[in-house]
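Below is one structure; the comments refer to it alone.
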Amino acid sequence: MTVSESMSRLQAQREALVEAALEHIPFDGWTRQALLAGAEDLDLAPGEVDRLLPNGIRQAIVTYVEMTDRKMISALDEKGLENMKIRDRIATAVKTRLDLVENQKDAVRGALAFMTLPQNAALGLKLTHGTVDAMWVAAGDTSTDHNWYTKRMLLAGVYGSTLAYWLDDTSDDHADTWAFLDRRIGNVLQIPKITAKLGKVGKFATAPFKLGAKVANCVPTPGRLRRQFGG
């Protein structure tokens with residue numbers, strides 16, 4: 001077995017363990033107990049938890065998020081995004097991502113709580129960046145200039161607020177969430193004062209999105225926003 005094959009096998013085993021643990025997270029949370037219960041479901045020895053997830057819960061959540069992002073990309077491949085306007089492509093990507101975890105709200109809520117701990121905040125931002133980057137790539141984004149950063153920062157705000165709304169949404173088929181998502185995208189397109197908002201939050205956004213000195217050159221003007229989201 002080659003090194004590549006060995007790593008792929010390890011990743012598949014790790015993801016299978018996390019998938020199995022998801023059945024226990026509503027009761028045990030993101031804990032070692034949930035991972036051990038998942039291992040038992042797979043007829044794995046308790047020691048396999050440490051072999052597959054040496055970094056514990058932190059690695060389990062990263063595996064969960066990245067695994068779900070790949071599922072999102074596969075699902076979007078079947079939706080014919082190329083025939084949609086950019087705005088609709090992004091809305092579809094966000095909706096697809098949330099639909100994939102519709103029955104896992106406890107797991108999502110717990111993962112978010114874990115990532116908001118001070119020691120995990122940077123990793124949480126990195127994972128969010130990975131998710132929104134995958135959405136833009138699936139939507140056909142090929143930008144390489146300052147628009148690359150602007151698009152991902154804006155979508156992170158849209159996705160994050162929609163995710164928070166979705167977690168507490170009890171409407172049929174999450175209809176209220178999708179209406180909220182549509183309004184959020186509309187707000188991004190329509191609020192020219194977003195420049196001032198960026199000035200206030202820029203110092204927090206620069207690290208995860210590598211904006212640095214580029215912030216001044218990627219201010220999302222109304223015209224640029226319309227181009228990026230297909231207004």
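Note that the numbering runs from 1 along the sequence shown for the chain. Being a predicted model, the structure only gives us computed values, none of them experimental.
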Would you check if the side chain of [X] reaches a backbone N or O of [Y] as a donor-acceptor pair within less than 3.5 Å?
X	Y	answer
Trp30	Phe114	no
Asp176	Ser171	no
Lys79	Ala93	no
Arg97	Met72	no
Trp178	Asp173	yes

Under the side chain to side chain donor-acceptor pair (under 3.5 Å) test, residues paired with Ser143 that sit two or more places apart: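 Expected list: Asp141.
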
Residue list, side chain to side chain donor-acceptor pair (under 3.5 Å) with Thr144, at least two apart or on another chain: none

Connected hydrophobic set around Val137, excluding itself, where side chains approach under 4.5 Å: none

Residues Asp50 and Arg32 bridged, charged N to O under 4.0 Å: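 Yes, this pair counts.
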
Between Thr63 and Arg14, a side-chain donor and acceptor under 3.5 Å: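 No, Arg14 and Thr63 have no side-chain donor paired with an acceptor closer than 3.5 Å.
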
Residue pair Asp182, Arg87: steps toward the salt bridge (Lys or Arg N to Asp or Glu O under 4.0 Å) verdict: CA-CA 9 Å; Asp182 187 62; Arg87 172 176 176 153; 3.2 Å; yes

cation_pi(Lys105, Trp166) dist<6.0 Å, angle<=45: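 Yes.
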
Parallel, tilted or perpendicular, as decided by the 30° and 60° cut-offs, for the rings of Phe180 and Tyr165: parallel

Qualifying residue, where the test is side-chain contact (heavy atoms from CB on, under 4.5 Å) with Tyr64 and the options are Gln104, Gln59, Glu15: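 By the side-chain contact (heavy atoms from CB on, under 4.5 Å) criterion, Tyr64 pairs with just one of Gln104, Gln59, Glu15: Gln104.
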
Arg109 versus Leu167, closest heavy-atom pair with distance: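 Smallest heavy-atom distance, with atoms named: NH2-O, 2.8 Å.
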
Got a second to check how far [X]'s [atom1] is from [Y]'s [atom2], nearest 0.5 Å?
X	Y	atom1	atom2	answer
Thr96	Met135	OG1	CE	8.5 Å
Arg184	Leu154	CZ	CG	9.5 Å
Tyr159	Leu98	OH	CG	5.5 Å

Aromatic contact, His129 with Trp148 (centres under 6.0 Å):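 Yes - the distance between ring centres of His129 and Trp148 falls below the 6.0 Å cut-off.
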
